[in-house]
Amino acid sequence: MKPSFIYKTFNMRHFSVILVLCLSLSMVQAQQTSFVNPFIGTSDDHGQTDPSATIPFGMIKPGPETMPRGNGGYDYQAQQLKGFSQTRMSGVGCIGVGGNLLITPFVGTSCKPLKMDKASEVAVPGYYSITLDNQLKVEITTGRTAAIYRFTYPSTEAAGIKIDFKHSYGKHIAEEHNIVGNNAVRGFVRSACTCDLGSYKFYYYIEKDKSACKPEDNDSELLWKFQTEPNEQIILKIGLSSVSAEEAEANLKQECSDLSFEQVRAKARANWENLLGHIQVETSDEDLKTSFYTRLYHACQTPFTINDYSGSYRGSDGKVYKGQQLPYYHGWSIWDTYRTKYPLLSIVCPTEYKQMISSLAGLYKQGKPRSATKTEPFLTTRTEHSIITILDALQKGMFDGSLDELLPLMLKEAEDISNDSPDKALERGYDFWGVSELAGKIGNKELKKEFSLRSKDYRPIWLQKFKNIGPTSDIMHGDGLYEGTIWQYRWFVPHDFDWVISTLGSKKKVLNELDYFFENNLFNMGNQPDIHVPFLYYYLEEPWKTQKLVRQILLEPTTNYYGTHEKWEKPYIGKIFTTTPRGYLKEMDDDAGTMSSWFVLSSIGLFPVCPGVPYYWISAPVFDAVTLHPTSQQEFKIHVNRPDAECIYIQKAVLNGKTLNRSWLSYEEIMQGGDLTLELGKSPNKRWGNNTDFVKSLFKK
């Protein structure tokens, strides 16, 4: 479904005037939100996304809970509903995180599962609706901390709403609720974080506009019962807070009290339109456009903005912080997202990105561990490689905190990084390199030298486990690896790849092994450890191989043998990214937008060389043109001259009127705006982009 209307960002007090203007604009301008399909990736184990109503980086995510369910509470193939929960984190592992405050409207009995009329189901940015077999229609829209439900009931003497305060994807730990009159309830819930590591606690306030008898309070369930007229609509509102139930009520009033359901829905749509409009892609292929904008939509679900409108928020140390003017972000999955998502957000929404980095740095002052604490203020997963994430931001001029204050806390974290498996040794080396670079930024030469040496501690392990490929190199979790094979992890030293090349003997030797890796389908696009590997051909002076390979991964059927946990006996042969509910490779979690971000970056032809170094490889976009609007003042446009569809190789690049022979752009070059023109041809131009001398200097700055 592709709605034809559009809403722009507007002031709440001038809603009606702006709405008229926006409706007029919709007549002449196609909008990005009409190309978002939230059902992509919601079927079975093919992405673990969800169709919940949300705004960009919003705290509350109200959506359906199906039977059976996916990690985000929903499976597109399911026919039955348990109800609608208010929290979730898109595409993360184990059994997901969230699923709190399950609300179930009912006709007749409150115990009977709800059967869905799948033909009636609608999900667009900021809105979800479904009609049930009992003629009850549910509609949901949302703000940042508060949501509105609109239930349309049939005529009945036995209608009602049930709230389950114990419902959670992970372990339920505690809840407390206090009834306020006959039409409201407030309290808190506490549940385990992802994989039951750590826990979070947040507060809520719920109210409805329908008068009812005194609610029934049964242990951790609340029942409101009432009679309804034909097509009677009942509004239920929910506010959340990390601080208190009083703040949750204040948040709800701030976002929903003076607006109708349709006005809140329009505002949510406007928020998405504003964000998605930061990248405009041109193509006649509407399916490709849908894939692109849906992936960008998925990338901008987290982290959550959890600060109250009063400016207060609770930190991961359990303490309340007040008087903060900037948004406070929470809900991390850094082990996944530092690779692609934050490099993407740094060019798509730099203002929000800078605030995210500030919030991430704040975790160190709160005693940040590698995983979740027992006093998290909201849903979260893990924060390994925050060092690299903050270094990347610093290199881009997007971190203005005190590095002198932060670095000692990072050193404490670095000393605790595990080294008990080959993959962790490689990852620790990368983080130690990050510490060395940060130490250099504050002029601490001794610390820089120390961690530069320690960043090479992985080398003996690499020589022992990864240099010589043998019959056990293709075993998932072999040698204690986390998620991958020796083949897939051996390339994960982005800060020290020149050493790998010299150790294997020559670029030609590495090229042969990399060719073998891809030709024999040893690559796994379904998980993070090797998703950068298609771009390593740039280091090896044959960038045209990346250009062909990446296009195949993005658009064409490929042979895939790997899931997250095992190598399949029979491969899946088909497209990795589709626009169906099975929108990702089997067992391929989107992991808080990591894989979606890979798609977005690769499809526009800009991929991060190595997070921590502020450069992006230039590949061939799959679009006719790409326009980035990182700020209202700047525009960076990529023009693609492709004579026909078979022209996939870069022949020539021109940046701001000057021939560009190198194959990368700096973050600064992108953000200051300009024009990049790429001439494409059917055969590789083996003279373009194959000079890698400058790459070495990137790591010396």
Side-chain angles (χ1 to χ4, degrees), residues 8-9 32 55-58 144 270-281 292-293 295-305 307 324-332 334 337-362 386 388-401 403 406 441 592-594 596-598 600-601 603-618 626-638 655-656 664-676:
K8 293 288 185 183
T9 304
Q32 281 73 32
I55 69 166
F57 313 115
R144 181 177 66 82
N271 276 313
W272 278 114
E273 199 63 65
N274 181 55
L275 178 59
L276 298 176
H278 287 187
I279 305 184
Q280 294 174 340
V281 294
F292 177 85
Y293 282 111
R295 314 289 171 189
L296 181 56
Y297 169 84
H298 284 155
C300 298
Q301 302 287 313
T302 56
F304 313 106
T305 44
N307 53 292
Q324 303 296 320
Q325 298 300 314
L326 295 175
Y328 181 75
Y329 287 83
H330 185 78
W332 309 102
I334 303 292
T337 53
Y338 84 98
R339 308 162 195 261
T340 57
K341 175 169 170 170
Y342 290 102
L344 171 65
L345 296 183
S346 71
I347 58 176
V348 173
C349 47
T351 299
E352 291 83 353
Y353 167 77
K354 190 173 183 179
Q355 294 162 352
M356 291 172 194
I357 297 301
S358 176
S359 299
L360 182 60
S386 297
I388 297 297
T389 306
I390 291 173
L391 170 63
D392 199 48
L394 183 69
Q395 298 276 41
K396 293 172 177 176
M398 299 299 282
F399 174 67
D400 53 13
L403 193 55
L406 188 61
K441 291 292 183 182
T594 300
S596 287
S597 298
W598 189 97
V600 172
L601 287 164
S603 69
I604 65 174
L606 296 172
F607 197 86
V609 178
C610 166
V613 179
Y615 290 78
Y616 295 74
W617 293 127
I618 304 168
V626 177
T627 306
L628 301 173
H629 299 278
T631 67
S632 58
Q633 292 80 30
Q634 302 297 342
E635 174 181 292
F636 186 85
K637 187 159 187 176
I638 304 173
L655 178 64
N656 298 327
W664 55 83
L665 291 173
S666 70
Y667 179 76
E668 183 181 7
E669 285 174 318
I670 297 170
M671 298 304 285
Q672 68 186 7
D675 289 271
L676 175 67

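- At distances below 3.5 Å, at least one donor-acceptor pair connects side-chain atoms of Tyr293 with backbone N or O atoms of Val281.
- Side-chain contact between Pro630 and His278: absent, with no pair of heavy atoms (C-beta onward) separated by less than 4.5 Å.
- The shortest side-chain heavy-atom distance between Leu606 and Leu344 does not fall under the 4.5 Å cut-off.
- Contact of the Ile347 side chain with the Tyr667 side chain is registered, since non-hydrogen atoms from C-beta on lie closer than 4.5 Å.
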>> Run the side-chain contact (heavy atoms from CB on, under 4.5 Å) test on Ile357 and Met398 for me, step by step, so that the C-alpha distance in whole Å, both residues' side-chain angles and the decisive distance to 0.1 Å come before the verdict.
In response: CA-CA 8 Å; Ile357 297 301; Met398 299 299 282; 5.7 Å; no

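- Taking CE of Met356 as the reference point, atom OH of Tyr329 lies at 4.5 Å (rounded to 0.5 Å).
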>> With side-chain contact (heavy atoms from CB on, under 4.5 Å) as the criterion, how do Thr302 and His330 come out once you've worked through the C-alpha distance, each side chain's angles and the decisive distance to 0.1 Å?
In response: CA-CA 8 Å; Thr302 56; His330 185 78; over 6 Å; no

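- For the atom pair OH of Tyr297 and CZ of Phe292, the computed distance is 16.0 Å after rounding to the nearest 0.5 Å.
- Residues Cys610 and Tyr615 fail the side-chain proximity criterion, which asks for heavy atoms closer than 4.5 Å.
- Checking side-chain atoms of Arg144 against main-chain N and O of Ile55 turns up no donor-acceptor pair under 3.5 Å.
- Residues Gln355 and Pro327 share a closest heavy-atom pair of OE1-CG, 3.5 Å.
- Counting heavy atoms from C-beta on, the side chains of Leu345 and Glu352 never come closer than 4.5 Å.
- The minimum heavy-atom distance between Thr305 and Gly58, with the atom names listed, is OG1-CA, 4.3 Å.
- A distance of 8.0 Å separates CD1 in Ile670 from CD1 in Ile618, rounded to the nearest 0.5 Å.
- Taken to the nearest 0.5 Å, the CG atom of Asp675 stands 10.0 Å off from the CD1 atom of Ile638.
- A 4.5 Å side-chain heavy-atom check between Trp664 and Pro608 finds every atom pair outside the cut-off.
- Heavy-atom neighbours of Glu668 CD from other residues, nucleotides or ligands within 6.0 Å: at or below the threshold of 12.
- Taking both residues in full, the closest heavy atoms of Leu275 and Cys349 are given as CD1-CB, 3.9 Å, listed atom of the first, atom of the second, then distance.
- Distance alone, capped at 3.5 Å, places no donor-acceptor pair between the Lys354 side chain and the Phe399 backbone.
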>> Set out, in order, the CA-CA distance, both residues' side-chain angles and the distance that settles side-chain contact (heavy atoms from CB on, under 4.5 Å) for Val626 and Lys637, then state yes or no.
In response: CA-CA 6 Å; Val626 177; Lys637 187 159 187 176; over 6 Å; no

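- The aromatic rings of Phe607 and Trp598 lie perpendicular to each other, with more than 60° between the two planes, well past the 30° mark.
- A tilted orientation is assigned to the rings of Tyr342 and Trp332, their planes being inclined by 30° to 60°.
- A distance of 10.0 Å separates CZ in Phe636 from OG1 in Thr627, rounded to the nearest 0.5 Å.
- The shortest non-hydrogen separation linking Leu676 to Leu665 is CD2-CD1, 4.0 Å.
- Remark: side-chain polar atoms of His298 are not paired, donor with acceptor, to backbone N or O of Ser596 under 3.5 angstrom.
- Residue His629 holds its NE2 atom at 4.0 Å from CD of Gln280, rounded to the nearest 0.5 Å.
- Applying the side-chain hydrogen bond (donor to acceptor under 3.5 Å, both in side chains) rule to Lys396 yields the partners Ser346, Asp392, Tyr616; only residues at least two apart in sequence or on another chain are considered.
- In this structure the side chain of Ser358 never reaches within 4.5 angstrom of the side chain of Tyr328, judged on heavy atoms.
- When all heavy atoms of Thr337 and Pro343 are compared, the pair lying nearest together is O-CD, 4.3 Å.
- Closest heavy-atom contact between Ser386 and Leu360: OG-CD1, 3.6 Å.
- Using a 4.5 Å heavy-atom threshold, the side chains of Met671 and Gln634 count as separate.
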